[in-house]
Amino acid sequence: MPILTHLEAIRQGIGEEMERDSSVFLLGEDIGVYGGAFKVTEGMLEKFGAERVIDTPISESAIVGAAVGAALVGMRPVVEMQFMDFIACAFDQIVNMAAKIHYRWGAKVPMVIRGPSGAGVHGGPYHSQSNEMWFVHTPGLKVVVPSTAYDAKGLIKAAIRDDNPVIFYEHKYLYRRVKDEVPLEDYVVPIGQAILRREGTDIAVITYGAMVWTALEAAAQLEKEGISLEVLDLRSLLPYDEEAILASVRKCSKVILLHEDTRIGGMAGELAAVIAEKAFDDLDGPIVRVTAPDTPVPFSPPLEDHFLPNARKLAEAARKLASY
Amino acid sequence: MAAKVIMPQMGESVAEGTIVRWIKKVGERVERDEPLLEISTDKVDAEIPSPAGGTLSRILVKENETVEVNTVLAEIDGEAPDEGAGASVAGPAQPVVSKPAVPEAPPTAEAARRIRSSPLVRRLAKEHQIDLTRVQGTGEAGRISKNDIEAYLASAKAERPAPEGTAPSLPVPPSSAGAPAAFTGPTQRVPMTPMRRQIAERMVTSKRISAHVSTFFEVEMTRVAETLVQAGAEFERRNGIKLTYTPFFVRAAVQALKQFPIVNSSLDGENIIYKRDINIGVAVALETGLIVPVIKRADEKNFLGIARALRDLADRARSKRLSVDDVQEGTFTITNPGIFGSLLGTPIIHQPQVAIMGVGAVEKRPVVRNDAIAIRPMVYLSLSFDHRVLDGALADQFMAHIKVALENWDESVL
Amino acid sequence: MGVKHKTIRPARTSRHDRSGGGEGSRSGAPLARSHDVSRARPLPAADTLLRMLYLLKLTREVEVRIERVLYRQGKIVGGVYVGRGQEAIGVASAIQLVEGDFVLPSHRDLSAYLARGIPLERVLLNWMGRADAPSRGRDNTLHFGDLNKGIIPIVSPLGDTCPVACGLALQFKLRGKRNVALVYFGEGATSRGDVHEAMNFAAVMKLPVIFICNNNGYAYSTPVQKQYAVKDLWRRGPAYGMPGESVDGNDVYAVYSAHQRAIERARKGEGPSFVECKTFRMTGHSAHDAAEYVPAALFKEWEDKDPITRLQSDLLQRRLMTPEALATLHESVRKEVDEAVARAEARPLPDGESANEGVYCGPDCWWGQTRSQAFDV
């Protein structure tokens, strides 16, 4: 099986869908000639032509609005946000237009908005945000955050085939750092299904995106100390896999919710609520959150290090919870 | 100064009561403790004594009205408050713990709350009927963790077979076990009566709180049976009370309790509260469920006193005329599954007591006497006791004392 | 068609005259301008010209240092965006401002920061993410403002500052002040709805805002042909009801003059103006972009139109400066940058824990240092 980077897997997944379905086309800033700011769409223009790989002006609102229009008449647009930070410029079209169409009048809006998010590259407040919760709080959207190359390809294909607007978060830190085996044959990773990355018995760490790797790193470290972490990778935030979450909680009785996003209103809060509601009697300790603090993402390396959750901070929290 | 008369709480889970009748009228004089009104609750009908002496100045809740506990029902305008009447507001009738023989300790509920555990641990404790005070916590600040309770369960299993396999045997009258009159489907959902709910709650709570263990004794009832035959008719003629086996068991238990005061105790956190008075509760089966009126200060009563008290309480229980006081402050309970033919049972402790004795049916059985088979009236007595407070050896000595007393009955009942 | 410049500017590079802004690229197209602005202006005074040369050279020197030295040494991390080749726009516009005026520069407008009197060291501290940087390490590059110096920084979604400029200008107007707000953005940002909303807003309310478009030919990899369909961007002005003008952004005189007109209009309460400054991005989008999508000939062409070279030649030719003085200036600028870099580098990085501070303004808010006395805010 070929070994692909996270980024290559996304590119391959998009390419396969474009070959399979002529209604799939790409729209975004610098995605054609330049191949995208991170080169996700490199080679696409040559392969599929300028009618299916469309360079646009810097007009996020128009890009998303145009994608909605195209989707309404049978296309499956895949929109790139150069950075997910700039998705804010298209916010109105996403939350008021795309998300509510089916609920309001029954038309389907099959489109994907994808782009790089996340910190760890000294990008400062406008090239580092994890703003997935803006959309998790918007009924009508689906929100997907892969962590592996395999999932990135399987999920982008599932997102493109989905008949709803899907916001697809790619962690820029993983683009070239994560590689794994990606099958050549057609497959999808269903939206809404979590996956156990590591089985454990003492503490369930529920997380997603780049933090999956952080959790695995901490788990390897803590194993030596006799603390067994289970790592559940949500993969989809909306809808999320409640069954898998509760199963892990019931098994381990203690849970840490880990994400790179800030704390208040983060995914961990939602998960803590569902765990408290549905698995209260299975808890052998407080529900613990390990998240970024409630600040913008700072630029200067010491500040960013402080901001980002990492294996050390997770291990610290896990040790404390294990001895609770 | 007006004293307020309030709707008492007739047991922990009772929330409301109905005024059945005002015995006194507005403007009428009433002595302190003189019956003032009658109320009815899910559990009992009761006569409420006046909290103070004086004139009934206002009646605030009319007959047939139902109000929440602690609602002010009336006011009594007092003359000079007499001793103790300074606290002229009658509190809700609460179980009062008798003067402890050991220094005062915080109440049990608080002690239980102080045990640090987790929702999971509490659930497991409930499922396995574990008293968390017995589990060693190794978590932060001594918190009982999942590991701790699992270790406890494993060791408990190894130590002794759990007694909770047998079905609870509190006598329930057949009538209350009846199915609904008409089925409209394969099942029919019928809400529990308040009394049923309360029993359910109490039983489960007791199983959760106490470390129940049961022990069984077989007692030959020849002497008692002879006494019944010899003195029964005369006893009934003199006292108007039919002589039954029950007062014999109560009497024997009282004697044993005097010898083993720890059985007449309760547990409060890490303190054992010894009770000066021996108040024997005797379970009475009613149509609607079970009630346990209490013979107060049974240790001060002779045989006749006990028999009279028993008769009186049973009568009033059946006519729903027990007062709140009648069902409180028990220190030891006797239940009698034998009246419906049961040989023995493993009753559930009536909290906060530490033991309950079950009396099976007295029947003639073949027994070995002097290496020969003999026919004797026999009974199985069971004792469910709280292993937190009592060890098996002590419980068995307590029961042996009762056995000896019954088998060698020599007290005149007349 | 660039005619005006001949009348007001005695000396220009001959190549520039011939090329008339270049052939072959939209951004180098012959200059065009609207017809509702007055033309005859006096030249900037000699000391102003010398001051501008100093600022241009200082901007150039520090940006070269940032992009080619400090970034490559790992002393600066993150994205590096510089304005090499387009320094004249910020300098020749912002230098005309007075106290209480504001600039809202874009990411390549360090020149405007320096023209407003921001010390070099503070700029470097911010680039290096130091503890006592203006943003305290929270943000990088030119993402910092200074209310006392009249600077509002950009956010990365470019064009977002245009509506903000309207708010500043609205307050000038309501308070009866004759101040102006200069908002800078690239031609890429003109595709953003925020820019259009702001231009309409300012025109309707006759706000003292100058919309300054640094048209440098490329937005990241996107050439102007893919960014807009009008021939020249000055047409955007009249489309919203304000004067529009397109000038050679590499010509200090032209930029100065166009902004002089626009600022005067604004101070007189006649409302906003739109100025397109045609220039060229002499770098990739950022220090990690080789800009292979840009034809090499374009770089060559614009190299010859370098604004600093042109001004230097003109000053020498007009004997407003001697070659010796120029050499001395060059050395002193280099020394100034050396010293500022050394001082900034010696400053500590922030303590990680301090990342939690400053999300909200409160009584002990340490941002107080940048409060504007001029505006009492």
Side-chain angles (χ1 to χ4, degrees), chain A residues 28-39 45 50 54-65 81-83 85-93 119-129 262-264 292-308 313, chain C residues 76-79 125-131 133 135-141 143 154-160 185-196 218-224 226-229 285-286 288-289 291-293 348-360:
Chain A
E29 296 156 13
D30 306 291
I31 63 167
V33 178
Y34 194 62
F38 287 88
K39 305 291 183 189
L45 177 67
I54 302 173
D55 274 324
T56 67
I58 305 180
S59 305
E60 285 82 5
S61 196
I63 294 167
V64 172
M81 289 289 133
Q82 198 155 76
F83 284 83
D85 307 71
F86 306 150
I87 202 169
C89 301
F91 199 75
D92 187 44
Q93 287 289 343
V121 299
H122 312 313
Y126 298 104
H127 294 82
S128 306
Q129 293 174 78
T262 51
R263 199 173 188 79
I264 294 175
D294 288 308
T295 73
V297 187
F299 157 67
S300 188
L303 301 182
E304 193 179 25
D305 288 347
H306 174 82
F307 175 88
L308 282 176
K313 295 176 194 174
Chain C
I76 282 174
V77 293
L125 286 170
N126 214 61
W127 275 92
M128 294 181 179
R130 301 296 153 145
S135 78
R136 305 273 161 140
R138 282 148 173 74
D139 208 339
N140 56 354
T141 65
H143 286 217
I154 57 158
V155 296
S156 298
L158 301 171
D160 279 8
F185 47 92
E187 82 289 351
T190 63
S191 302
R192 289 280 323 282
D194 289 58
V195 176
H196 292 261
Y218 283 85
Y220 210 139
S221 76
T222 306
V224 292
K226 284 187 169 182
Q227 198 67 252
Y228 54 85
H285 169 66
S286 60
H288 56 73
D289 171 22
E292 283 157 358
Y293 46 84
L349 286 165
D351 174 34
E353 296 280 324
S354 71
N356 295 348
E357 302 163 3
V359 178
Y360 298 99

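Sequence lines set the chain letters: A, B, ... in the order given, protein chains first and strands last, and positions in each chain run from 1.
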S156(C) and F86(A) have their tightest heavy-atom pair at CB-CE2, 3.5 Å
Scanning both residues in full, the closest heavy-atom pair of K226(C) with D55(A) reads NZ-OD2, 2.9 Å
Could you tell me which portion of [X] (side chain, backbone, both or neither) has an atom closer than 4.5 angstrom to a non-hydrogen atom of chain C?
{"X": "Q82(A)", "result": "side chain"}
{"X": "D30(A)", "result": "both"}
{"X": "A37(A)", "result": "both"}
{"X": "S61(A)", "result": "neither"}
{"X": "P125(A)", "result": "both"}

For the interface with chain A, which of [options] has the highest count of heavy-atom pairs at distances below 4.5 Å?
{"options": "T141(C), D160(C), V359(C)", "answer": "V359(C)"}
{"options": "L158(C), T190(C), D289(C)", "answer": "D289(C)"}
{"options": "D139(C), V155(C), L349(C)", "answer": "D139(C)"}

Interface moiety of [X] toward chain A, non-hydrogen atoms closer than 4.5 Å:
{"X": "D194(C)", "answer": "neither"}
{"X": "H143(C)", "answer": "side chain"}
{"X": "Y293(C)", "answer": "side chain"}
{"X": "E187(C)", "answer": "neither"}

If we only count heavy atoms from C-beta on, is the [X] to [Y] side-chain gap below 4.5 Å?
{"X": "P302(A)", "Y": "D351(C)", "answer": "no"}
{"X": "Y126(A)", "Y": "P157(C)", "answer": "yes"}
{"X": "P57(A)", "Y": "T222(C)", "answer": "no"}

Inset, instruction - Report the C-alpha separation of V77(C) and F299(A) in whole Å, then their side-chain angles, then the decisive distance to 0.1 Å, and conclude whether the side-chain contact (heavy atoms from CB on, under 4.5 Å) test is met. - result: CA-CA 9 Å; V77(C) 293; F299(A) 157 67; 4.0 Å; yes
Query - Polar side chain donor-acceptor pair, H122(A) to N140(C), under 3.5 angstrom - result: no
Max heavy-atom pairs within cutoff under 4.5 Å with chain C, candidates T56(A), V33(A), T295(A), goes to T295(A)
Run the side-chain contact (heavy atoms from CB on, under 4.5 Å) test on N356(C) and H306(A) for me, step by step, so that the C-alpha distance in whole Å, both residues' side-chain angles and the decisive distance to 0.1 Å come before the verdict. CA-CA 9 Å; N356(C) 295 348; H306(A) 174 82; 3.1 Å; yes
- Query: Is it true that a side-chain atom of S59(A) and a backbone atom of S191(C) form a donor plus acceptor pair closer than 3.5 Å?
  - Reply: yes
